[in-house]
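Everything on this sheet refers to the single structure shown next.
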Amino acid sequence: MLDQDFIYTLLLTGKLALITTVILILIGIPVAYWLSYSRFKLKFIAETLISMPMVLPPTVMGYYLLVAFSPENAFGDFLQKYCDVRLAFSFQGIVIASIIANLPFMIQPLQNGFSALNDDLRQASYTMGKSKIVTLFKVLIPNIKKSVITGIALTFAHCIGEFGIVIMVGGNIPKETRIASVAIYDQVQALNFEAANRYAFVLFILSFLILLLIYSINRKTNFTTFR
């Protein structure tokens with residue numbers, strides 16, 4: 001029989017991944033659109049910053065976020081004094097950290113999808129009098145469904161497995177910031193390998209199913225195109 005702590009930890013992990021994914025799809029679509037179609041000469045700097053979480057060690061990013069969120073520093077002190085918000089060692093803090101850490105996993109697939117579209121599609125929509133917003137949601141996004149699903153799946157999968165940035169920003173607080181990846185580390189440290197295996201097995205299965213979904217969609221799309 002599964003204990004309540006195990007179930008609560010998995011639910012908290014799912015909650016973090018779901019919130020992060022929803023926020024990032026809302027952020028990612030306009031950002032990816034801008035990166036794909038903007039002629040701003042310095043946009044490569046934005047692309048570099050967005051891609052940083054893919055190469056920067058999570059503990060490094062987590063450390064700097066923890067410093068920024070700390071009440072000992074200006075940003076954290078401002079939030080605590082004037083907004084009554086504490087981000088360090090809180091669920092809100094790991095949500096923000098997770099959003100930053102997962103930016104490239106959402107934005108890059110969307111950007112690749114937009115960039116792969118023939119620009120005549122967008123120009124034809126404008127010629128028919130459609131606004132940029134209507135063109136984005138009625139013309140472009142329906143044609144990059146595969147990229148949207150890939151971005152959502154990769155973001156969710158990466159989020160449930162995130163460890164370094166979460167433990168740096170949120171610590172290991174039961175029912176607050178203790179997600180499954182942190183629980184695995186905690187159980188191994190306590191030599192409780194049976195409990196660690198339960199968490200690890202669930203994450204393994206979830207990751208496998210998410211990747212299976214991505215490859216299944218890609219295979220189906222490629223097969224349809226070939227036909």
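FYI, side chains are in, hydrogens and waters are out, and symmetry mates aren't considered; it's all heavy atoms of this structure.
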Side-chain heavy atoms under 4.5 angstrom apart, residues restricted to Ile, Leu, Val, Met, Phe, Trp, Tyr: same cluster for Y8 and I179?
-> no
Contact list for residues 178-188, test salt bridge (Lys or Arg N to Asp or Glu O under 4.0 Å), sequence neighbours left out = D5-R178, R178-D186
For S147 against G113, the heavy-atom pair lying closest together = OG-CA, 3.2 Å
For F204, the hydrophobic cluster (side chain heavy atoms closer than 4.5 Å, chained through members) also holds F201, I205, F208, L209, L212
Determine whether L24 and L103 make a side-chain contact, defined as any pair of heavy atoms from C-beta on separated by less than 4.5 Å.
-> yes
About how many Å separate CE of M106 and CD1 of I23, when rounded to the nearest 0.5 Å?
-> 11.0 Å
dist K175:NZ -> F91:CZ (nearest 0.5 Å) comes out at 15.0 Å
Please answer: with hydrophobic residues joined when any side-chain heavy atoms are less than 4.5 Å apart, are I27 and V95 in the same cluster?
-> yes
Chi angles and distances behind the side-chain contact (heavy atoms from CB on, under 4.5 Å) call for V166, S181 | CA-CA 9 Å; V166 172; S181 57; 5.6 Å; no
Distance col, row Q108:CD vs S51:OG, nearest 0.5 angstrom, shows 4.0 Å
Please say whether more than 12 non-hydrogen atoms of neighbouring residues, nucleotides or ligands are located less than 6.0 Å from OH in Y33.
-> yes
Which value, rounded to the nearest 0.5 Å, describes the distance between N143 atom CG and F114 atom CZ?
-> 10.5 Å
Check: L35 and I107 side chains under 4.5 Å, non-hydrogen atoms | yes
Residues F193, N197; criterion side-chain contact (heavy atoms from CB on, under 4.5 Å); working and verdict = CA-CA 6 Å; F193 297 111; N197 182 63; over 6 Å; no
Of all residues at least two apart in sequence or in a different chain, which pass the side-chain contact (heavy atoms from CB on, under 4.5 Å) check with S115?
-> S36, Q111
Output the rest of the hydrophobic cluster of I173: all Ile, Leu, Val, Met, Phe, Trp and Tyr residues reachable through side-chain heavy-atom contacts under 4.5 Å, sorted by chain and number.
-> L66, F89
Report yes or no: does T177 contribute a side-chain atom to a donor-acceptor pair with the main-chain N or O of G170 at less than 3.5 Å?
-> yes
Residues in side-chain contact (heavy atoms from CB on, under 4.5 Å) with S207, at least two apart?
-> I160
Indicate yes or no for a side-chain donor-acceptor contact from N192 to the backbone of Q187 under 3.5 Å, with no hydrogens or angles considered.
-> no
Pairs satisfying salt bridge (Lys or Arg N to Asp or Glu O under 4.0 Å), at least one member in residues 106-125, at least two apart | D119-R122
How would you list all residue pairs meeting salt bridge (Lys or Arg N to Asp or Glu O under 4.0 Å) that involve residues 21-43, not counting sequence neighbours?
-> none
Residues which pass ring-ring contact (aromatic ring centres under 6.0 Å, His included) with F78, listed by chain and number, not counting sequence neighbours = Y82
For F156 and G14, the nearest pair of non-hydrogen atoms, with its separation, is CE1-O, 4.3 Å
Nearest atoms (heavy-atom pairs only) where V169 meets A97 = CG2-CB, 4.0 Å
Approximate separation, where rounding is to 0.5 Å, of T9 OG1 and R198 CZ | 10.5 Å
Which pair of non-hydrogen atoms, one from I25 and one from V22, has the smallest distance, and what is that distance?
-> CG2-O, 3.0 Å
Donor-acceptor pairs under 3.5 angstrom involving side-chain atoms of residues 128-141: please list them, not counting sequence neighbours.
unit_1 : atom_1 : unit_2 : atom_2 : d
S131   : OG     : V134   : N      : 3.2
T135   : OG1    : S125   : OG     : 2.7
T135   : OG1    : S131   : O      : 2.7

Not counting sequence neighbours, which residues clear side-chain contact (heavy atoms from CB on, under 4.5 Å) with I96? List them please.
-> F69, L87, I100
Taken to the nearest 0.5 Å, the spacing of L16 CG from I99 CD1 works out to 9.0 Å
For residues 19-31, the side-chain hydrogen bond (donor to acceptor under 3.5 Å, both in side chains) pairs (sequence neighbours left out) are T20-S98
Which side-chain hydrogen bond (donor to acceptor under 3.5 Å, both in side chains) pairs, counting each pair once, include a residue from residues 150-168, with sequence neighbours left out?
-> N102-H158
Under a 4.5 Å cut-off applied to non-hydrogen side-chain atoms, are M168 and P58 in contact?
-> no
If you look at every heavy atom in W34 and F40, which pair is closest and at what distance?
-> CZ2-CD2, 3.9 Å
Enclosure of Y185 OH (heavy-atom neighbours >12, cutoff 6.0 Å) | no
Residue pair L10 / V202: nearest heavy atoms and the distance that separates them | CD2-CG1, 4.0 Å
